[in-house]
Amino acid sequence: MEYNFCLISELSKLINRCAEYGESNSVLIIGPRGSGKSLLVKDVLKDLSKSKTAKENMLQVYLNGLVQTDDRLAMLDITRQLQLENTVGERVFGSSAENLAFLLDSLKCGHASQSILFILDEFDLFVHHKNQTLLYNLFDVSQSAQTPVCVVGLSCRLDVVELLEKRVKSRFSHRQIHLFNSFSFEEYLGIVRSILTLPRSSGNTSFIQCWNDSVKVLLEDSKSRDTLRRQFHVSKDVRSLHRLLTQPICNLSPDNPFITPDDIVASHAELNMDSKGAILHGLSVLEICLIVAMKHLLTTFNGEPFNFEMVYKEYKKFTQRPGHTAQSFEKAVVLKAFEHLLALELVKPVEGSSKLVQKEYRLMTLLVDTSQVIEAINKYPECPTEVKHWATSDLE
């Protein structure tokens, strides 16, 4: 992953000023997943580790919003990473502010304090901690002269600053670094090539040559390029690209030693499988009939909500048609099938509808699209012909 030199320089200067001159700062690195936020921080820290002053004067604390889900867990992890467990002992603190202040004071050597770099990954999750106490205390320390602190937050949310409480926002420095995947499709293909290409020094020279030639042919094939272009337009995330390429690589064997365009197409189809469509394929014929009845009601009443009684009435109209041969079920059985669709979340109650209403009359809405219904019926094994005709005629 390549970065604008200015981004690396800006972040490096902020952290370096904290390490060498005791200047406190706070900054947010914002960008979509896979844009390289963590990698940018790692690259900057790797460069700073070459500086003896920065290496000796700065401690690092890494917190993740997915792991430290509340302030208590965060403070425990800060204590552990600063290796102050013995200093804290069984001491009880009245607040997080007192706890943090004690930890920072414990790091002082005489009148000097060691600089601390706080890296908060999934920063937006810390915003949801009670009263945003941890963020308030960290930003408050970074605004004071008591301890040199640099707070670096990483988030995918562009509006993360707006989520901060007023008192927290006032203590944040409002520095932001934005990262975006702005490479072109040809550069995207170059990333694919770099992932798949084997270095010549890794072993069997003749096989490596054949493999690299096959990768070149693969990326020139129109079918592969079309599939990769679709993936590129959906997500430029390099991790998504790794997931796309994982299955074709895992399927390699002595009989299939090279990746083919069909392998790329199959992997893309599996990764982008319609989950609701897959659920529809596992429904009973009765449940499929109820789905078709619901779609017919939505078409007839211009998308208005329906209830079970309306669906049952539509289903009975279908089963009472002249020449109908499919099995007709009793109302209690049909209601059970309807409740199963509700449990599968293919149907859901309308927001605001009262739970006190009898279940047969509670308003519902369908969460399946017309195209999904048609596709499911066409692929349904041994689906009755009359059900197919009913679905097609009613959903056109």
Side-chain angles (χ1 to χ4, degrees), residues 1-29 36-65 67-68 71 73-89 91 93 96-123 126 134-155 171-177 179:
M1 184 80 66
E2 294 183 359
Y3 302 104
N4 187 317
F5 177 75
C6 294
L7 298 181
I8 298 177
S9 177
E10 182 179 353
L11 182 60
S12 181
K13 286 178 180 177
L14 284 175
I15 299 175
N16 197 53
R17 285 203 295 267
C18 180
E20 294 194 9
Y21 308 114
E23 179 181 323
S24 295
N25 288 300
S26 56
V27 61
L28 280 178
I29 303 174
K37 300 183 293 297
S38 299
L39 189 59
L40 172 61
V41 174
K42 288 179 182 177
D43 287 346
V44 169
L45 293 180
K46 185 178 178 181
D47 289 341
L48 287 175
S49 66
K50 299 174 184 177
S51 167
K52 184 178 179 181
T53 305
K55 191 174 182 179
E56 292 178 352
N57 292 353
M58 176 167 278
L59 301 173
Q60 295 178 25
V61 175
Y62 175 85
L63 302 176
N64 191 304
V67 180
Q68 286 79 38
D71 287 352
L73 291 175
M75 293 308 302
L76 287 173
D77 218 62
I78 291 172
T79 304
R80 180 186 62 80
Q81 293 186 46
L82 295 178
Q83 300 179 1
L84 295 174
E85 299 98 320
N86 294 333
T87 306
V88 173
R91 189 183 298 268
F93 298 97
S96 296
E98 290 180 13
N99 195 346
L100 183 61
F102 177 80
L103 294 176
L104 298 178
D105 286 339
S106 300
L107 295 171
K108 288 184 178 180
C109 301
H111 296 289
S113 294
Q114 278 192 290
S115 302
I116 307 176
L117 171 64
F118 287 92
I119 301 173
L120 307 183
D121 207 350
E122 303 293 345
F123 180 86
F126 288 98
L134 176 68
L135 297 181
Y136 173 81
N137 290 326
L138 288 177
F139 288 152
D140 191 50
V141 171
S142 70
Q143 290 290 319
S144 66
Q146 55 179 326
T147 303
V149 167
C150 183
V151 182
V152 179
L154 288 73
S155 177
R171 286 162 173 77
F172 173 53
S173 68
H174 291 273
R175 292 186 180 90
Q176 297 181 38
I177 297 175
L179 295 178

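- Listed for the Q68 side chain is a donor-acceptor partner under 3.5 Å among the backbone atoms of N64.
- Of all the heavy atoms in S24 and S142, the pair that sits closest is CB-O, 3.0 Å.
- With a 4.5 Å cut-off on side-chain heavy atoms, V141 and L100 count as touching.
- Note: Q114 CD to L104 CG = 11.5 Å, rounded to the nearest 0.5 Å.
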Practice task
Dump the intermediate steps for side-chain contact (heavy atoms from CB on, under 4.5 Å) on L138 and D140, then the final yes or no.
Solution key: CA-CA 5 Å; L138 288 177; D140 191 50; over 6 Å; no
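- By the side chain to side chain donor-acceptor pair (under 3.5 Å) test, Q81 pairs with D77, sequence neighbours left out.
- Other residues, nucleotides and ligands contribute over 12 non-hydrogen atoms within 6.0 Å of the CD atom of E85.
- To the nearest 0.5 angstrom, L117 atom CG is 7.5 Å from C18 atom SG.
- F172 meets the ring-ring contact (aromatic ring centres under 6.0 Å, His included) test with F139, H174; sequence neighbours excluded.
- Annotation: side chain of I29 is in contact with side chain of L11 (closest heavy-atom distance under 4.5 Å).
- In this structure, the separation between CG on N137 and CZ on R171 is 9.5 Å, given to the nearest 0.5 Å.
- Atom CE of M75 is separated from atom CZ of F102 by 11.0 Å, given to the nearest 0.5 angstrom.
- Taking S173 as the reference, S26, R175 meet the side chain to side chain donor-acceptor pair (under 3.5 Å) condition, with sequence neighbours excluded.
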Practice task
Evaluate the criterion side-chain contact (heavy atoms from CB on, under 4.5 Å) for residue pair I177 and L28; output intermediate values, then yes/no.
Solution key: CA-CA 6 Å; I177 297 175; L28 280 178; over 6 Å; no
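- The distance from atom CD1 of I78 to atom CG of L84, rounded to the nearest 0.5 Å, is 10.5 Å.
- Counting heavy atoms from C-beta on, the side chains of L154 and V41 come closer than 4.5 Å.
- At a threshold of 4.5 Å between non-hydrogen side-chain atoms, the residues M58 and S115 count as touching.
- Looking at residues two or more places apart in sequence or on another chain, you find a ring-ring contact (aromatic ring centres under 6.0 Å, His included) between F126 and H129.
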Handout entry: side-chain contact (heavy atoms from CB on, under 4.5 Å) evaluation trace for V149 with F118
Key = CA-CA 7 Å; V149 167; F118 287 92; 3.7 Å; yes
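- Put simply, the side chain of N57 never gets that close to the backbone of E20: no donor and acceptor are under 3.5 Å apart.
- For the salt bridge (charged side-chain N to carboxylate O under 4.0 Å, His left out) test, no residue two or more places apart in sequence or in another chain qualifies with D121.
- Of the inter-residue distances, the one linking E23 atom CD with N25 atom CG reads 5.0 Å to the nearest 0.5 angstrom.
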Practice task
Please lay out, stage by stage, how N86 and T79 fare under the test side-chain contact (heavy atoms from CB on, under 4.5 Å).
Solution key: CA-CA 9 Å; N86 294 333; T79 304; over 6 Å; no
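- Put simply, the side chain of D43 does not reach to within 4.5 Å of the side chain of L45, judged on heavy atoms.
- With a 4.5 Å cut-off on side-chain heavy atoms, L40 and K42 do not count as touching.
- Residues passing the ring-ring contact (aromatic ring centres under 6.0 Å, His included) test with Y21, sequence neighbours excluded: none.
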